[in-house]
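What follows is a single structure, written as structure tokens, with notes after it.
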Amino acid sequence: MPEEIIESFQIRRLDILNEKGEADGPLMPSLSDDLIKKMYELFILLRTFDRYALNLHAEGRIGTYASVLGQEASQAGSALALEKSDWIFPSFRESGVYLSMGFPPRMLLQYWSGDERGSRVPDDLNIFPVCVPVGTQVPHAVGAAAAAKYKGDKIAVVSYFGDGGTSKGDFHEGLNMAGVMKLPVVFICQNNHWAISVPLKQQTASKTIAQKAYAYGFDGIQVDGNDVFAVYKATKEAVDKARQGGGPTFIECVTYRMSDHTTADDAKRYRSQEEVDMWKSKDPLLRLKLFMEKKGLWSEQYGKEIEEKTKEIIEKEVREKESTKDPDPKDMFTYTYTNLTPRQVKQMKDLEV
Amino acid sequence: MPEEIIESFQIRRLDILNEKGEADGPLMPSLSDDLIKKMYELFILLRTFDRYALNLHAEGRIGTYASVLGQEASQAGSALALEKSDWIFPSFRESGVYLSMGFPPRMLLQYWSGDERGSRVPDDLNIFPVCVPVGTQVPHAVGAAAAAKYKGDKIAVVSYFGDGGTSKGDFHEGLNMAGVMKLPVVFICQNNHWAISVPLKQQTASKTIAQKAYAYGFDGIQVDGNDVFAVYKATKEAVDKARQGGGPTFIECVTYRMSDHTTADDAKRYRSQEEVDMWKSKDPLLRLKLFMEKKGLWSEQYGKEIEEKTKEIIEKEVREKESTKDPDPKDMFTYTYTNLTPRQVKQMKDLEV
Amino acid sequence: MPVLNMVQAINLALKEEMQRDDSVVILGEDVGKDGGVFRVTEGLYDQFGAQRTIDTPLAESGIVGAAIGMAVYGLKPVAEIQFMGFIYPALDQILSHASRVRARSRGRFSCPLVIRTPYGIGIKAPEHHEESTEALLCHTPGVKVVVPSTPYNAKGLLISSIRDPDPVIFLEAARLYRMIKEEVPEGEYSLPLGQARTAREGSSVTLITWGSMLHRTLQAAEGYDAEVIDLMTLSPFDEETIYKSVKKTGRVVIVHEAPKTCGFGAELSASIAEDVMLYLKAPVMRVTAYDVVMPTAKLEDYYAPDVSRIRKAVEEILKY
Amino acid sequence: MPVLNMVQAINLALKEEMQRDDSVVILGEDVGKDGGVFRVTEGLYDQFGAQRTIDTPLAESGIVGAAIGMAVYGLKPVAEIQFMGFIYPALDQILSHASRVRARSRGRFSCPLVIRTPYGIGIKAPEHHEESTEALLCHTPGVKVVVPSTPYNAKGLLISSIRDPDPVIFLEAARLYRMIKEEVPEGEYSLPLGQARTAREGSSVTLITWGSMLHRTLQAAEGYDAEVIDLMTLSPFDEETIYKSVKKTGRVVIVHEAPKTCGFGAELSASIAEDVMLYLKAPVMRVTAYDVVMPTAKLEDYYAPDVSRIRKAVEEILKY
Ligand SMILES: Cc1ncc(C[n+]2csc(CCOP(=O)(O)OP(=O)(O)O)c2C)c(N)n1
Ligand SMILES: Cc1ncc(C[n+]2csc(CCOP(=O)(O)OP(=O)(O)O)c2C)c(N)n1
Ligand SMILES: [Mg+2]
Ligand SMILES: [Mg+2]
């Protein structure tokens, strides 16, 4: 009875599309040209939305905004692998996921303006409103997955969070419960290397984030989060497995937050330009474009067309958002409970003056 | 750039002393006869204390009590590897750790009677009072370790918790911080297979508890928790490593809760007698005794002497505890803040009537 | 009609609601096979199976967080927190989410969950097992707080809580679990949330209390022409019943077992002062626990109001 | 004397205490290299290094739990919670541990820590960034709650809080951080905890408030013979100063930005009713936020008291 090895693990990493736009043959999933174009068009949508949102903030026309620049592959790539019937529990940096699922851009802008009507998710989307307290959305996803399993619904639930989110107790409690109950849930960590000013190394001593899954008895995989094919493939496999009763999967998308944390932040205070530049060369859009060019799926004209179409869409959404009247102050009473309490009825009278 | 393995882990398990009392030669640490006898004597102390406590509860002379029966090797074995200058943050099932560190038995009985003076830890012991909210003591240990490191004190901090405790957010937040800061702290999980009525399998899907350490970037090891030599050795190595700046270690002691959860519980409602019987054969005391017999360290007479001496000690402690007057109700005011608040001064007058 | 104690009455409410509605599921620590540490969920595991009486890992924030996810998805989860002292790790989920799902999503999502938890003094259990921090929850718009005081109202209120479309915290006085028995109808009946009851009529002083303290208060009221109001729901609380009584008696004593400062009694007193002060013949008095860290068993009897402390206040207020 | 805003005053207090006492350490999210999201800890990382200005992982319960361990071990940790809305996950550590270390161990251990956190409305930030739930903490015996209202008292109170042997929650009104500047002495001075100050003298009505609301209240008081009391410490609060003023004016308006029900105003009102009711010429009034889920930027101006709502209450109470 010597000292013995009783368990071992190996953490896999998936890379398909490299920075030159070359895809690994055997690993490359079979994707229709339409889907690949959709990926590209979503990238443009996300990037355009992001640019407009940053500008609108700079002009004081919306409030604090959290940019998704650099994380397009992680967000659009994973969202595209989902069905409309799947449920999504995002954090606050998932504008790209919302947009990819068809959430109206003007509502996102409303949200970032502090207008809560922006969080009245359209009835045909099973995506939860933005969750600000980091990590707290994880148990919600687990509970929804438990409910789906109990009801026999063949859906998957996806929870998004950042590298910082993995430090929170709720992350742990949620993943552990998902493991025990073998729930149809996929945990997608966008490891963008920073939690405001805290670099990954100070967030956790774990070499990969993917390996944290093994603490909960299910598989974790690391993917190049700037590689839309890898993200798509890993997510697709995970949601399929979830729907088939195979239990949870953890996906670490290794990516980078190209912007400041939010418009309230100044990243120059704590990180080097060299680091940012290094990641510029790993841009998810550039490599997708190179790939498509090689396949004959991209031309200058197509590129221009998409850009213009997208700009038009976003500008229209901005106009619509800006022409929306401010919410009725009474809304805060109306939605606190299903019915007003007697005390609220009295208090509401203040607003009538 | 194919799918590749980027990280791998192996979980080790340490067994030294088997159920027949045979020790593995190469793994056996070199222990003085005195230390081995001390282990035995502590086992008897723990068991005697436990028996008396259960009886006192049955007679209504103390309140709810959490038995340590079956976990003597995990508790005494680990405590014996510590120095007096080390700091300990126990949960509520560590009577055996308290006793092994020299905590007065009568104070433990006071504690379990709801007399808070039992938690006024003697000045020469760095052990924290019982922590009831599961898992919450883990960050305390981490903070103490950070303080020790900051001050340059060459000590180790030890935190104890159960298998159930590993599910709590505080466990996660504490271990993660310890990993990042590379702190001199040892996490000892007494995996006794049950958290009240919840069996290990429903607590976590992780095959071992030890492997959870790899989520935090440090080593975890599983030991036979009913094998005092294995527990001692693993703990000693871990505290030495901590003191030398090597950072945290996680030790999973695989053991079994032989009694009900507490005197308020009836384990027959949820677990089988067969399982309990199976673990009886793995008794930590029996195998230590067999080992000592073989080594000529145990004789009937020695056994009887120790039992009687221990009984006398415990009986004296029980008498002392029972002859102690009840605490002054004013104590609840006296210790809430360093100084009484004006409001408390007024309220305290009630007690003067 | 069966004569039940509070544990049995709550158990019956759960059983009937689970029978009636497949979307009602129970989750928590030891609620399944063990039937709960107070046996409140006894028998439900056998009847409804592990899918509907879920023994969770030891993780209160996870339990409440998962219950929120279930509720949003369309179930009606009834989560148990083993003791109120262990609800604190779940406060973030309650304050930041359960209470806000409806408001945040402007009604697209709602959160019809119930969190049951035993609270309060009187069981001589270890530290953290006898908390009474209802005021924290009552300061949280978006959740309701219900505190039954007898087997009959426990069943009726729990049924209403489960059917309520908003999150409800349901506080069960552990001291009462087996203290009193009374007739409890089988089958459906429900007591509306937000309504107090007059547990005793009287005209010279109004005693306001809830949950565990009701019984001591009733005892203390004996021999006086005292009205006793049992709030039953703390949030939203029934101003009307209180004010009616205050207008009649002009004297108010509030009894609760939480520390005085910022306890729910403060709100009652402040509301009365604001709205019906001109009817008062005497200052509103509060009989409460002291502003100290809650002591354990040996001192707990000195901590919370007992009959004699309540009587003393009644005597004093009657002097005005 | 330097003229500083509140951020600078707090920064100075931290710097001076860290210089004076090696056992003072800072920990929290982004407090180190970034100097805090409001720049309150700016420069401390450069001066005192990563050992004393610790950028922690994103884990509020862990931060407070670790701070407790540090305090018990002999340090004087000053933990920052990035916004008060993120203190909830740490409430368990505060309520179950920080507040009880001394009582539980009968004085063997103590917990001299400070938890700083920005609170309150007025910065148009996303959800959860403008909470004002001080009442929860004031209902917790064993912790103190301090809320400065100007750069000068922020520095003095923070120094006292750091030196206090018990745990202190230090609430910094984010709206005030850069709103006002005043002379703040360099070097040691401290303001005792538990003492209110009369920010404005008057004799016809007493306005009681704290933190961010002080300035609106002072504005509202203009033109009236109103006394304004700035509590500065909420727990334990200064009954004496309040009662003295109430005895003089006979009229009280309490102003806070938390929802009304079970806000700290309830305690003030109840205490006044209990202890000095006979001096009152009018019901004690509360001007507070509404009992609703706190709205975000677009509606926040309708939510909390503004000058006109405070004035309305003053006008009304003066009619009595
Ligand atoms: C519980 C909690 N604590 C603190 C914050 C403030 N905060 C907002 S985002 C953030 C960092 C999040 O980092 P990460 O999870 O990596 O997500 P990212 O911003 O990189 O997308 C912090 C500290 C918060 N929102 N919630
Ligand atoms: C936060 C919290 N939740 C619930 C409880 C009630 N409780 C006490 S012990 C226990 C089980 C603990 O299991 P484990 O951690 O394995 O320790 P063991 O009892 O086996 O020593 C529970 C649920 C508690 N004390 N604290
Ligand atoms: Mg990040
Ligand atoms: Mg256990």
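Predicted, not measured: the structure shown is a model, and the values here were computed from it. Below, chain A is the first sequence line, B the second, and so on; all start at residue 1.
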Exercise for the section: Determine, for D:Arg286 against C:Glu267, whether the closest basic-nitrogen to carboxylate-oxygen distance falls under 4.0 angstrom. Expected result: yes

Practice task
Could you look at C:Glu131 and say if it's the side chain, the backbone, both or neither that has a heavy atom under 4.5 Å from chain D?
Solution key: side chain

Problem - Structural part of C:Val293 lying under 4.5 Å from a heavy atom of chain D - result: both

Practice task
Report the option among C:Glu127, C:Glu60, C:Met285 that has the most heavy-atom pairs separated by less than 4.5 Å from atoms of chain D.
Solution key: C:Glu127

Problem - C:Tyr88 and C:His128 aromatic centres sub-6.0 Å - result: no

Handout entry: Side-chain donor-acceptor contact under 3.5 Å, D:Tyr279 with D:Thr249
Key = no

Handout entry: Aromatic contact, C:Phe83 with C:Tyr119 (centres under 6.0 Å)
Key = no

Practice task
Quick one: pull up NZ in D:Lys144 and OG1 in D:Thr233 and give me the separation to the nearest 0.5 Å.
Solution key: 8.5 Å

Exercise for the section: Examine whether an atom of C:Ala90 lies under 4.5 Å from a heavy atom of chain D, and if so say whether it belongs to the side chain, the backbone or both; otherwise answer neither. Expected result: neither

Exercise for the section: Check whether C:Arg104 gets within reach of chain D through its side chain, its backbone, both or neither, counting any heavy atom under 4.5 Å. Expected result: side chain

Problem - Short N-O contact, C:Glu274 and D:Lys260, less than 4.0 angstrom - result: yes

Handout entry: Side-chain donor-acceptor contact under 3.5 Å, C:Glu130 with C:Ser132
Key = no

Fill in the blank from the handout: Whatever's closer than 4.5 Å to a heavy atom in chain D on C:Leu136 counts as both

Practice task
Counting only heavy atoms closer than 4.5 Å, note whether C:Gln93 contacts chain D via side chain, backbone, both or neither.
Solution key: neither

Exercise for the section: Measure distances from C:Ser271 to the heavy atoms of chain D and classify the residue's part below 4.5 Å as side chain, backbone, both or neither. Expected result: both

Handout entry: Residue, of C:Pro295, C:Gly142, C:Gly263, that accumulates the most heavy atom pairs under 4.5 Å with chain D
Key = C:Gly263

Handout entry: C:Arg309 to C:Tyr290 six-membered ring, cation-pi geometry met (6.0 Å, 45°)
Key = yes

Problem - Top of D:Gly85, D:Ser61, D:Ser269, D:Ser235 for chain C proximity - count of heavy-atom pairs under 4.5 angstrom - result: D:Ser269

Fill in the blank from the handout: Ranked by heavy-atom pairs below 4.5 Å to chain C, first place among D:Ser96, D:Ala135, D:Ala273 goes to D:Ser96

Handout entry: Cation-pi geometry met for D:Lys281 and D:Tyr320 (6.0 Å, 45°)
Key = no

Problem - Region of C:Ser99 in contact with chain D, defined by heavy-atom distances below 4.5 Å - result: backbone

Handout entry: Heavy-atom proximity to chain D below 4.5 Å, by part of C:Ala103
Key = side chain

Problem - Heavy-atom proximity to chain D below 4.5 Å, by part of C:Leu280 - result: side chain

